[in-house]
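Residue indices begin at 1 and follow the sequence shown.
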Amino acid sequence: MEKTGCIYENFAEYELDGKGVLKKLSFKNEDEFNFAFDVVDALAEKYPDRTALIYVSNDKQCRKFTFKEVSEYSNRAANYFEILGVRRGDRVMLVLKRHYQFWFALLGLAKMGAIAIPATNLLVKHDFEYRFNAAMVRAIVCTGDGDVARQAELAMEETGRVNIRIMAHGEREGWHDFDAGLEKCSPIYERRPDSPKGNDLMLMMFTSGTTKYPRIAAHTNKYPLGHLVTARFWHNCQPGGLHFTISDTGWGKALWGKIYGQWLCETAVFVYDFDRFKAEDILPMFKEYGITTFCAPPTMYRFFIKEDLSKYDLSSVSYCNTAGEALNPEVYEQWKKATGLCLMEGFGQTETTLTVGTLVGMEPRPGSMGKPVPGYRVAITDSDGRICAPGETGEIVIYTDEKRPCGLFDGYYMDPDSTEGVWRDGVYHTGDTAYMDEDGYYWYVGRTDDIIKSSGYRIGPFEIESIIMELPYVLECAITPVPDPIRGQIVKATIVLTGGREPSDELALEVQTYVKRHTAPYKYPRMVEFVAEMPKTISGKIRRAEIKRMDAEKYGK
C-alpha cells in the first residue's frame with residue numbers, strides 16, 4: 001500500500017480492503033510512545049507554521065495556533081507545573097470548558113509525567129468532593145468563568161485536598177495565574193531518558209455514573225494511538241483539514257475529536273468556546289472557517305434540522321459522524337437531504353476508543369453502530385461466553401488474552417473490585433448489549449442491566465426509544481421496566497414533550513399505537529408517563545436507574 005507520509009505512519013501499519021475499508025491495523029514503537037513529544041513536537045518541526053488549533057471565544061473572537069506555538073506553550077506549561085511543585089505521578093484536574101489553555105495544560109502534563117483528569121465545569125461542591133478524594137487530586141487548573149472555582153474551593157475546605165490552585169481565563173485571590181505564569185517560563189522542555197511513555201499512566205477519566213458513583217478509567221500513554229481509527233478511519237480526517245467535534249473538554253468525547261487522532265492525521269482542530277448551544281450560531285461557522293469534517297451527538301443534529309438549512313453554506317463539510325444515543329431515521333434523512341452527507345455512526349466508551357463503527361468506505365445502515373474495528377477483537381456473547389448467532393442479543397465484549405489494544409483502559413483507578421467485575425479471564429465486558437445482523441453490522445440494544453424481561457421476552461430499551469423519538473413532539477424518552485405480577489415486568493415509557501404539546505391519555509395512546517406499528521407489538525410500552533424533566537447524570541445522560549428506583553417505590557418491587 002502506498003505511503004502518505006503522514007506522521008501516524010511512524011507508529012501504525014494498516015491494510016485496506018478493495019473498497020478502501022480498514023482491514024488490519026497494528027502499532028509499532030508503542031512502548032516508547034508519548035503523544036506530546038512524538039506527535040506535537042514532531043509536527044512543530046515538520047510543519048512549524050501549519051495551523052493546529054482554531055479557537056473561537058464565546059464572543060466570537062478568533063485565535064489561531066500553529067503546531068510550533070502549541071509545542072512551545074506545552075513546554076511552558078510543563079515548566080510552570082514543575083515550578084509550582086507538581087511532580088510526576090501527581091493527579092491534576094483540568095476544569096477548562098473549551099478554553100485553548102486546556103491543550104497547553106494537557107500536553108504539558110503529558111511531558112512532565114503528571115496525570116491529567118479532565119472534568120466539566122458543571123461540577124458543584126459534592127461532585128468535587130467525591131472526585132478529589134477518589135482520585136487523590138493534588139492540583140487543579142480551573143476556569144475563572146462562573147461559580148465553578150468557588151464550588152471547588154468549598155470542596156477543598158471539606159476534603160483538605162488540592163494544595164496547588166491554578167486559574168486560567170481569569171484571576172482569583174489565592175490562585176496562581178496560569179496565563180501569566182506561562183509567559184514567564186521557558187518555551188523549551190527537553191525529553192529525558194525517563195520521560196513518561198508507553199505503559200505509564202497519562203490520563204484519568206471519570207465515567208458517567210448512570211447506576212452508581214462515577215468510576216475512574218485510567219489510560220496510559222498508548223491511549224492516543226487508539227484514536228487513529230477514530231480520526232482517520234471514522235471521522236475521515238485528512239492532512240490540512242479542519243475537524244470540529246462538539247464537546248466540552250470535560251468529557252471523553254473531547255479526546256476523541258479535539259486532539260489525539262486529529263493531530264495524528266495532521267488535521268487542525270476547530271473549537272468554539274460557547275456557553276450555550278445555539279444552532280444558528282454554529283451553522284455559519286462551517287463556511288466562515290472552512291470546516292471539513294464534523295462530529296456531534298444526534299441531539300445536535302436534531303437542533304440543526306429544525307433550522308432552515310438552505311440559508312447556510314455547508315459545502316466545505318465532506319464527512320459527518322454521530323454517536324452517543326439513538327439516531328432516528330428522520331434526522332438521518334433530513335440531514336442527508338440538506339447536505340448530501342450520510343451520518344456515520346460509531347460506538348465506544350470512556351474506557352475505550354472507537355470499538356465499533358461505520359468506517360470510511362462502508363455503506364451506512366441508519367441505526368446501526370457499524371462493525372468491529374481493527375485493533376480490537378470484539379464479539380457479542382451470551383451469559384456463558386458463547387458467541388451469539390446473528391439476530392441474538394448479547395453483550396459486547398473485547399478479548400484481551402492475546403494483546404491489550406492501544407486505547408483500552410488500564411483498569412479503574414484504585415478500584416480492583418470494579419476492574420475485576422468487568423475484566424475477567426482476558427475478556428473486557430462492556431456492559432452494553434447488541435445484536436449482529438447477517439452482514440456483520442452491530443445494532444445497539446441497551447445496557448445489560450437495562451434489559452427488560454416481560455412474559456419470557458427479552459426487550460432492549462434502545463430500539464423502542466429510537467422509535468418513540470421519531471415522533472415530532474417527543475423531546476426525550478427513557479424506556480424502563482416496571483414490576484408486574486403477571487408478566488414479571490412491563491415496558492414503561494417516560495417522555496418529555498416539546499413545547500406546545502400537553503400530556504393526555506389520547507397522546508399516550510398515540511405513542512403506544514405508533515410503537516406497535518413500527519416494531520413487534522410485544523415491545524410496546526404498556527405504561528406511558530409524561531414528565532417535565534428527566535433525572536440525569538452530570539454529563540447529561542438519563543439516569544434510568546433513578547427512574548426504576550422511583551417506579552419501584554410507586555408500583556412495588
Side-chain angles (χ1 to χ4, degrees), residues 1-30 33 39 222-239 241 243 256-257 260-267 293 295 318-323 341-349 352-366 368-381 387-390 396-408 426-428 430 434-444:
M1 184 181 58
E2 185 178 347
K3 297 288 184 179
T4 66
C6 204
I7 198 162
Y8 61 75
E9 290 179 342
N10 294 336
F11 316 103
E13 295 178 336
Y14 61 95
E15 292 182 20
L16 308 180
D17 67 14
K19 295 182 179 179
V21 180
L22 182 65
K23 180 181 176 182
K24 292 182 180 179
L25 175 69
S26 61
F27 295 101
K28 50 190 178 181
N29 305 320
E30 60 192 73
F33 185 75
V39 177
K222 295 181 180 181
Y223 172 73
L225 286 173
H227 279 306
L228 176 60
V229 173
T230 309
R232 171 63 186 86
F233 300 105
W234 186 49
H235 289 155
N236 201 19
C237 290
Q238 301 292 333
H243 180 77
W256 286 48
Y260 295 131
Q262 291 68 39
W263 287 351
L264 276 165
C265 294
E266 301 180 3
T267 302
T293 52
C295 186
S318 62
Y319 216 80
C320 295
N321 301 90
T322 192
L341 300 171
C342 298
L343 293 176
M344 310 296 271
E345 297 180 62
F347 165 82
Q349 300 179 315
T352 73
T353 54
L354 185 78
T355 51
V356 180
T358 307
L359 301 185
V360 174
M362 287 176 57
E363 185 68 28
R365 296 188 177 180
S368 167
M369 299 181 288
K371 298 181 179 182
V373 304
Y376 285 92
R377 290 172 57 218
V378 181
I380 298 173
T381 63
I387 294 177
C388 293
I396 302 171
V397 301
I398 299 171
Y399 296 108
T400 64
D401 51 332
E402 295 180 0
K403 185 176 182 1
R404 181 178 297 181
C406 288
L408 184 62
V427 180
Y428 168 60
T430 67
Y435 66 89
M436 183 182 71
D437 66 22
E438 294 287 348
D439 297 315
Y441 283 76
Y442 279 33
W443 300 78
Y444 190 75

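- Side-chain N or O atoms of Thr355 include one that pairs as donor or acceptor with a backbone N or O of Phe347 at under 3.5 Å.
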**Item:** Chi angles and distances behind the side chain to side chain contact (heavy atoms under 4.5 Å, CB included) call for Val21, Lys371
**Value:** CA-CA 11 Å; Val21 180; Lys371 298 181 179 182; over 6 Å; no
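- Taking OH of Tyr14 as the start and OG of Ser26 as the end, the distance is 11.5 Å to the nearest 0.5 Å.
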**Message:** Before you tell me yes or no, could you show the steps for Tyr441 and Trp443 under side chain to side chain contact (heavy atoms under 4.5 Å, CB included), namely the whole-Å CA-CA distance, both residues' side-chain angles and the distance that decides it to 0.1 Å?
**Reply:** CA-CA 7 Å; Tyr441 283 76; Trp443 300 78; 3.9 Å; yes
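- Expressed to the nearest 0.5 Å, how far CD1 of Ile398 lies from OH of Tyr376 amounts to 6.0 Å.
- Each of His235, His243, Gln238 was scored for a side-chain hydrogen bond (donor to acceptor under 3.5 Å, both in side chains) with Thr293, with one residue passing: His243.
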**Request:** Go through Leu264 and Cys6 one step at a time and tell me if the side chain to side chain contact (heavy atoms under 4.5 Å, CB included) criterion holds.
**Result:** CA-CA 8 Å; Leu264 276 165; Cys6 204; over 6 Å; no
**Request:** Apply side chain to side chain contact (heavy atoms under 4.5 Å, CB included) to Thr353 and Tyr260, showing your working.
**Result:** CA-CA 11 Å; Thr353 54; Tyr260 295 131; over 6 Å; no
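- Nearest approach of Met344 to Met362, heavy atoms of both residues: CE-O, 3.6 Å.
- Separating the CG atom in Asn236 from the SG atom in Cys265 is a distance of 9.0 Å, to the nearest 0.5 Å.
- Across all their heavy atoms, Gly348 and Trp256 have their closest contact at CA-CH2, 3.4 Å.
- In this structure, the side-chain hydrogen bond (donor to acceptor under 3.5 Å, both in side chains) partners of Lys403, at least two apart in sequence or on a different chain, are Glu30.
- Under a 3.5 Å cut-off, the side chain of Thr400 and the backbone N or O of Gly426 do form a donor-acceptor pair.
- Between Phe33 and Phe11, a ring centre-to-centre spacing shorter than 6.0 Å is recorded.
- The nearest pair of heavy atoms linking Gly346 to Leu354 is CA-CD1, 3.9 Å.
- A pairwise comparison of heavy atoms in Arg232 and Val360 identifies O-CG2, 4.0 Å as the closest pair.
- A donor-acceptor pair is defined here as one N or O able to donate and one able to accept, closer than 3.5 Å; such a pair exists between the side chain of Glu266 and the backbone of Ile7.
- Remark: the backbone N or O of Tyr442 is paired with a side-chain donor or acceptor of Ser368 at under 3.5 angstrom.
- Side-chain atoms of Thr358 never come within 3.5 Å of backbone atoms of Pro364 as a donor-acceptor pair (strictly under, hydrogens ignored).
- Considering every non-hydrogen atom in both Ser318 and Leu341, the closest pair reads O-CD2, 3.5 Å.
- Separating the CD atom in Glu13 from the OH atom in Tyr8 is a distance of 13.0 Å, to the nearest 0.5 Å.
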